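For reference, the structure discussed in these notes is given below.
Scope of the values below: all heavy atoms of this structure, side chains included, with no hydrogens, waters or symmetry mates. Since this is a predicted model, take the numbers as computed values, not measurements.
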Amino acid sequence: MGLIQAALVAGGNVLADQWREYFYCPSLTNDVLLTKGEKKEGKGSNKKGSENVISNGSIIAVNEGQCAVLVDQGQITEICAEAGEFVYDTSAEPSVFYGDLGENIVNSFKEFAKRVGFGGSTPKDQRVYFFNTKEIIGNKYGTVNPVPFRVVDTNIGLDLDASIKCHGEYSYKIVDPILFYKNICGNVEGEYRKDKLDSQLKSELLTALQPAFAKISAMGIRYSQLPAHTTEIADALNEVLSDKWTKVYGIKISSFGVSSVVASEEDEKTIKELQRAGALRNPNMAAATIASAQAQAMQDAAKNTATGPMMAFAGMNMAAQAGGMNASQLFNMGAQAQNAAPAPAAAPASDAWTCSCGATSSGNFCSNCGKPRPALNWTCSCGAVNTGNFCSNCGTPRPAN
């Protein structure tokens with residue numbers, strides 16, 4: 001390419017890049033996390049401008065749920081997370097249609113000289129990206145292998161590790177577009193979709209479930225109650241994943257849903273047996289269980305036609321004599337436990353009075369010094385009836401008893 005031809009190409013490109021441009025994002029679906037901004041083109045619009053060049057004074061339209069980030073020469077220079085019109089007035093590409101005309105003409109000639117050295121093309125790369133800051137919903141998860149969950153029941157002293165499986169959906173959102181751009185997507189040509197990130201997020205989420213469940217179980221929440229405590233689970237997951245997701249990826253879990261959670265049959269059976277055994281520590285509960293079993297045994301013995309009811313009842317009596325406690329003994333133990341409970345403190349009598357010696361009595365005479373109980377009402381020498389220590393009519397003090 002000759003020098004004259006390079007100068008002609010450079011001059012044409014500089015003139016074409018003088019026009020201010022309008023960038024927008026048509027739409028961001030739930031599957032798109034980031035997309036490159038588009039130039040609005042219409043009848044008579046500039047179609048000869050350089051690719052990836054944003055003239056000074058260009059307008060960028062930002063919709064609700066979006067964040068615009070401008071990248072100049074590979075470096076983030078501007079960010080706008082507020083919906084509305086954003087004017088890019090710090091671009092390195094001058095425009096005679098925005099700002100000081102004389103200064104922009106001088107800068108345009110400087111740009112022309114620079115482009116001649118590059119064969120007429122521009123030595124710039126400027127882009128605008130739109131980030132989806134809405135909640136990214138519908139992300140499914142499921143535990144293929146059982147996850148340990150500590151089951152704690154302070155009522156019966158139960159503390160064991162059970163293996164549970166759960167599945168459901170969660171949502172997340174981009175809270176720091178700069179971190180997401182630098183550490184995840186980088187300089188993309190078109191769109192960055194969530195399916196490129198789903199596998200990594202799901203793997204890290206399932207890894208974080210175990211310490212998150214440990215925090216939940218420490219709060220005394222049983223695994224069967226997990227669907228009712230999804231907010232606590234989301235907070236626990238964010239706490240576990242904050243060092244990676246929030247501080248590196250720039251994303252955060254918004255909500256966490258549990259569709260179902262089940263324990264293994266063996267663990268389920270063990271927990272129920274221990275809970276049943278723990279309930280029988282109460283003598284009254286144990287007595288009621290034995291009484292119910294004896295009643296059922298009597299009904300079964302009455303229906304026994306093979307050995308006869310008499311032999312069946314004789315077997316029941318032998319079993320009762322060979323056993324330890326019977327129902328009546330357990331009921332007595334329960335009654336003794338209730339009677340042994342400390343009785344509530346008796347409330348002071350409503351007619352109690354305090355003598356001048358300091359003793360509190362309820363009768364007509366002091367139990368300590370024998371003084372009579374002072375009368376509630378007394379009559380002053382002026383004829384007025386009073387209840388206090390001074391006459392309400394003349395002020396005479398109440399006479400001593």
Side-chain angles (χ1 to χ4, degrees), residues 30-31 33 65 67 81 131-177 179-180 183-184 194 197-276 278-279:
N30 187 67
D31 297 329
L33 302 180
C67 176
F131 289 80
N132 190 348
T133 57
K134 300 187 295 292
E135 285 198 24
I136 310 302
I137 61 176
N139 305 284
K140 300 183 183 298
Y141 74 92
T143 55
V144 179
N145 299 318
V147 179
F149 188 89
R150 185 184 176 192
V151 180
V152 179
D153 191 339
T154 56
N155 294 327
I156 62 174
L158 176 63
D159 189 349
L160 60 84
D161 289 331
S163 298
I164 64 173
K165 290 184 177 182
C166 63
H167 71 273
E169 295 183 352
Y170 70 97
S171 66
Y172 63 89
K173 65 186 305 183
I174 299 175
V175 295
D176 194 330
L179 286 178
F180 189 85
N183 299 324
I184 299 295
K194 74 171 186 177
L197 194 61
D198 279 347
S199 178
Q200 180 70 19
L201 294 183
K202 181 179 178 182
S203 177
E204 294 181 3
L205 177 73
L206 295 179
T207 303
L209 271 181
Q210 185 171 342
F213 281 165
K215 295 180 182 292
I216 296 299
S217 62
M219 298 167 60
I221 300 174
R222 301 181 182 180
Y223 69 89
S224 58
Q225 298 174 322
L226 289 179
H229 294 274
T230 54
T231 302
E232 290 85 347
I233 297 175
D235 293 340
L237 284 172
N238 279 322
E239 184 177 350
V240 175
L241 294 170
S242 61
D243 290 338
K244 190 68 175 290
W245 284 25
T246 306
K247 298 179 182 179
V248 177
Y249 297 165
I251 63 177
K252 184 178 181 180
I253 294 177
S254 300
S255 62
F256 187 86
V258 179
S259 299
S260 69
V261 54
V262 293
S264 64
E265 293 183 3
E266 181 180 356
D267 290 338
E268 190 87 25
K269 183 179 179 181
T270 301
I271 293 172
K272 289 183 179 180
E273 289 177 351
L274 292 175
Q275 289 176 336
R276 188 179 297 110

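Side-chain contact check for L197 versus F180: some heavy-atom pair is nearer than 4.5 Å.
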Name every donor-acceptor pair, under 3.5 Å, that has one atom in a side chain of residues 247-257 and the other anywhere in the protein, sequence neighbours excluded.
unit_1	atom_1	unit_2	atom_2	d
K247	NZ	D243	OD1	3.2
Y249	OH	E204	OE2	2.9
S255	OG	S171	OG	2.6

Donor-acceptor pairs under 3.5 angstrom involving side-chain atoms of residues 214-221: please list them, not counting sequence neighbours.
unit_1	atom_1	unit_2	atom_2	d
S217	OG	F213	O	3.2
S217	OG	A214	O	3.0

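Here the closest heavy-atom approach between residue V240 and residue P211 is recorded as CG1-CG, 3.9 Å. In this structure, G168 and S259 approach most closely via the heavy-atom pair CA-OG, 3.5 Å. Nearest heavy-atom pair across F131 and I174 is CD2-CD1, 4.4 Å. Nearest heavy-atom pair, A208 versus L237, reported as atom, atom and distance to 0.1 Å: O-CD2, 3.8 Å.
Interatomic distance, OH of Y172 versus CD1 of I137, reported as 11.5 Å (0.5 Å rounding). From T246, atom OG1 reaches atom NZ of K244 across 12.0 Å, with rounding to the nearest 0.5 Å. Annotation: the span from L226 atom CG to I164 atom CD1 amounts to 5.5 Å, rounded to 0.5 Å. Atoms SG and CZ, on C166 and F149 in that order, are 10.0 Å from each other to the nearest 0.5 Å.
With hydrogens and angles ignored, the 3.5 Å screen pairs no side-chain donor or acceptor of S203 with any backbone N or O of S199. Put simply, the side chain of N139 never gets that close to the backbone of E169: no donor and acceptor are under 3.5 Å apart.
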- Message: Is there a side-chain hydrogen bond (donor to acceptor under 3.5 Å, both in side chains) between S260 and H167? Walk through the geometry before answering.
- Response: CA-CA 6 Å; S260 69; H167 71 273; 3.1 Å; yes
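Each of I136, N132, L201 was scored for a side chain to side chain contact (heavy atoms under 4.5 Å, CB included) with K194, with one residue passing: I136.
In terms of the side-chain hydrogen bond (donor to acceptor under 3.5 Å, both in side chains) criterion, K173 has no residue partners (sequence neighbours excluded).
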